[in-house]
Number of protein chains: 2
Amino acid sequence: MRPSDLPEIRHLPLFRDMLQSNFEQLLQGAYAQNFPAGVELIRQGDPADFLHIVIEGAVELFAEWGEGACTMAIVQPIGTFILAACIKDAPYLMSARTLEKSRIIMVPAPDLRAVFRRDPEFAVSTITELAGCYRAVVRHAKGLKLRNSRERVAAYMVKHLRRAAPHMAFGLPVEKRVIASYLGMTPENLSRTLRQLEADGLRVSGTHVTVTDYDRLAAVARPDPLLDGPDP
Amino acid sequence: MRPSDLPEIRHLPLFRDMLQSNFEQLLQGAYAQNFPAGVELIRQGDPADFLHIVIEGAVELFAEWGEGACTMAIVQPIGTFILAACIKDAPYLMSARTLEKSRIIMVPAPDLRAVFRRDPEFAVSTITELAGCYRAVVRHAKGLKLRNSRERVAAYMVKHLRRAAPHMAFGLPVEKRVIASYLGMTPENLSRTLRQLEADGLRVSGTHVTVTDYDRLAAVARPDPLLDGPDP
DNA sequence: CGTCGACTTGAACACTTTCAAACAAAGTGG
DNA sequence: CCACTTTGTTTGAAAGTGTTCAAGTCGACG
């Protein structure tokens with residue numbers, strides 16, 4: 001564990017309000033590791049041993065069933081994943097793999113459970129964090145059920161464009177096939193949909209996205225804070 | 001509030017471990033109400049005021065976007081809903097309506113937030129409850145993305161059949177159109193799919209479901225604890 | 001420069017929705 | 001208790017959406 005990692009972690013909403021002594025103890029049992037791209041960090045069904053924190057790089061959370069697989073979320077710095085499985089001491093519902101060279105910190109789940117039982121501030125932070133995760137998945141599920149694929153793609157682009165504001169362009173954070181799977185469609189279908197959306201003010205060339213007509217694109221996506229998350 | 005309601009609520013996992021004095025205080029600010037079927041209890045986007053507890057009846061959680069709507073979950077006794085919105089003091093992501101004549105208890109959200117800050121046991125219960133909700137939505141989203149509609153219907157039936165074990169029959173808990181929407185399909189499509197599944201050991205007549213060949217049906221559904229929940 | 005993987009494109013196919021109509025069941029009012 | 005309305009369910013045909021398979025293109029990297 002690098003000393004420089006600690007302040008960043010300490011500032012995460014999850015760890016921000018806990019007692020310093022508890023924070024130190026929690027991170028004492030933790031260890032950091034660097035992984036190349038494409039490494040499977042956890043496998044769905046395995047018992048939950050560690051809370052993972054992404055310091056650098058990017059991690060894909062994905063689910064498998066039979067021969068099929070789909071990406072459920074992308075975690076980028078600084079973010080945590082599989083908090084819920086650690087808390088319930090239950091099997092992971094999702095697998096995780098690095099999409100790029102990544103630096104990950106792993107906090108043992110038993111330490112986690114021990115600390116939030118004696119640090120009320122940490123308990124409250126955990127509650128807030130979990131509630132946020134829950135709401136994120138609900139939004140994702142709502143998007144899948146209420147929007148068709150064209151609308152989902154448009155909404156994805158609008159969301160990332162807002163993050164890049166005031167620019168009217170941004171770079172795709174991950175490969176298109178991962179985005180396609182996240183949006184619940186095949187790569188072929190995403191490719192065609194992107195081409196189709198050129199008529200609605202979207203230009204995608206390789207990894208580079210430019211929006212030439214925000215209003216037209218937003219008219220397709222009909223962004224909604226209850227689906228896409230709060231404005232920021 | 002009926003005196004007879006209290007013991008049932010007290011035995012819920014969410015309230016089981018808290019101090020009696022805190023429980024009493026929490027429920028003191030609460031009130032119970034009886035609703036006929038079809039009443040909209042909460043509307044998505046409204047600020048979260050109350051944690052709701054279903055004592056009798058059934059409540060549908062649903063989401064709307066534009067002209068479309070879909071049901072996200074069914075809550076039956078004894079169950080709670082919209083805990084996450086109360087905790088985050090954020091707008092509801094889902095609307096709720098009674099499907100039958102229902103008895104609902106409403107606990108003010110500020111009381112909730114106040115109590116788990118001073119009762120560590122309640123905080124832990126809240127964390128566990130939320131983690132459970134989170135995992136339930138993840139499973140639902142996984143099902144939507146990984147299974148096709150025929151598989152989702154088969155899995156739904158297998159899941160409810162297991163609950164009815166050792167019987168090989170059960171009654172549908174809600175209308176078929178609600179089930180269809182929950183499974184992410186149209187009523188017409190559900191109707192056709194049920195008919196198609198007769199070739200795989202399923203018999204549905206009105207609200208009554210009989211499974212004539214469990215193995216065949218399970219071969220279609222391929223039940224998996226990571227999608228359908230733990231065995232019970 | 002060649003190879004590999006990701007991306008794109010096209011055509012055929014499978015699945016799902018939509019619209020329209022018929023049917024069934026449950027509740028209403030005479 | 002029976003017609004009658006209302007609402008949910010089923011069915012069919014047509015249209016729309018998304019997937020699969022196969023082939024070809026592009027770009028990054030060794």
Side-chain angles (χ1 to χ4, degrees), chain A residues 36-38 58 60 65-71 97-101 143-154 156 171-200 202-209 220, chain B residues 36-39 58 60 62 65-71 74 97-101 143-154 156 171-199 202-209 220:
Chain A
E60 175 191 11
W65 183 70
E67 315 74 42
C70 68
T71 118
R97 76 164 70 93
T98 55
L99 289 171
E100 320 164 3
K101 189 169 167 306
L144 288 172
K145 289 179 110 170
L146 291 170
R147 294 209 257 232
N148 63 26
S149 62
R150 180 160 159 265
E151 291 161 344
R152 291 201 296 276
V153 173
Y156 181 91
L172 293 176
V174 294
E175 289 173 352
K176 282 183 189 153
R177 62 188 186 83
V178 177
I179 295 174
S181 181
Y182 175 69
L183 296 176
M185 55 204 294
T186 58
E188 294 95 325
N189 196 10
L190 174 61
S191 183
R192 281 185 254 269
T193 303
L194 289 176
R195 167 161 283 267
Q196 189 190 345
L197 284 173
E198 286 180 7
D200 298 284
L202 183 74
R203 269 305 283 278
V204 180
S205 157
T207 174
H208 191 76
V209 180
V220 176
Chain B
V39 172
E60 175 191 12
F62 64 102
W65 183 70
E67 315 74 41
C70 67
T71 117
I74 310 291
R97 75 163 74 92
T98 55
L99 289 172
E100 321 164 1
K101 189 167 167 308
L144 289 172
K145 290 178 109 168
L146 291 171
R147 292 210 258 232
N148 64 26
S149 62
R150 180 159 158 267
E151 292 160 345
R152 291 200 296 276
V153 172
Y156 180 91
L172 294 176
V174 295
E175 290 173 351
K176 283 183 189 154
R177 62 187 186 83
V178 176
I179 295 174
S181 181
Y182 175 68
L183 296 175
M185 55 205 292
T186 58
E188 293 95 327
N189 196 11
L190 174 61
S191 183
R192 281 185 254 268
T193 304
L194 289 176
R195 166 163 281 268
Q196 189 190 344
L197 284 174
E198 285 180 7
L202 184 74
R203 268 305 284 277
V204 180
S205 156
T207 173
H208 191 76
V209 180
V220 177

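These values consider heavy atoms only, across backbone and side chains, with no hydrogens, waters or symmetry-generated copies. Sequence lines set the chain letters: A, B, ... in the order given, protein chains first and strands last, and positions in each chain run from 1.
By the 4.5 Å heavy-atom criterion applied to side chains, B:Val204 and B:Arg195 are not counted as neighbours.
With distances taken from any side-chain atom of A:Glu188 to the nucleotides D:dT9, C:dT16, C:dG10, the minimum falls on C:dG10. Among the nucleotides C:dA6, C:dT9, D:dG8, the one closest to the side chain of A:Arg177 is C:dA6. When each of D:dT11, D:dG8, C:dT9 is scored by its nearest atom to the side-chain atoms of B:Arg192, the top-ranked nucleotide is D:dT11.
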Requested in this report: Go through the steps to decide whether B:Val153 and B:Arg150 satisfy the test side-chain contact (heavy atoms from CB on, under 4.5 Å), and finish with yes or no.
Outcome: CA-CA 5 Å; B:Val153 172; B:Arg150 180 159 158 267; over 6 Å; no

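Going from atom CD1 of B:Ile179 over to atom P of D:dG8 covers 14 Å, rounded to whole Å. Nucleotide C:dT16 holds its C1' atom 20 Å from the CZ atom of A:Arg147, rounded to whole Å. We find that CG of B:Leu190 is positioned 16 Å from C1' of C:dT18, with the value rounded to whole Å. For the pair B:Asn189 CG and D:dT17 C1', the interatomic distance rounds to 13 Å; values are reported in whole Å. Atom CE in A:Met185 sits roughly 14 Å away from atom C1' in C:dC7 (whole-Å rounding). One can place NZ of B:Lys176 at 12 Å from P of C:dA26, the figure rounded to the nearest angstrom. Atom P of nucleotide D:dT20 and atom CD of A:Glu67 are separated by 11 Å, given to the nearest angstrom. If you measure from atom CG of A:Asn148 to atom C1' of D:dA15, you get 15 Å, rounded to the nearest angstrom.
Distances shown here put a side-chain N or O of B:Ser149 below 4.0 Å from the OP1 or OP2 atom of C:dT16. Between C:dT17 and B:Thr186, a contact under 4.0 Å exists linking OP1 or OP2 to a side-chain N or O.
Taking every heavy atom of both residues into account, A:Arg147 and A:Arg152 meet most closely at O-NH1, 2.8 Å.
How far CD of B:Gln196 is from CG of B:Asn189: 9.0 Å, rounded to the nearest 0.5 Å.
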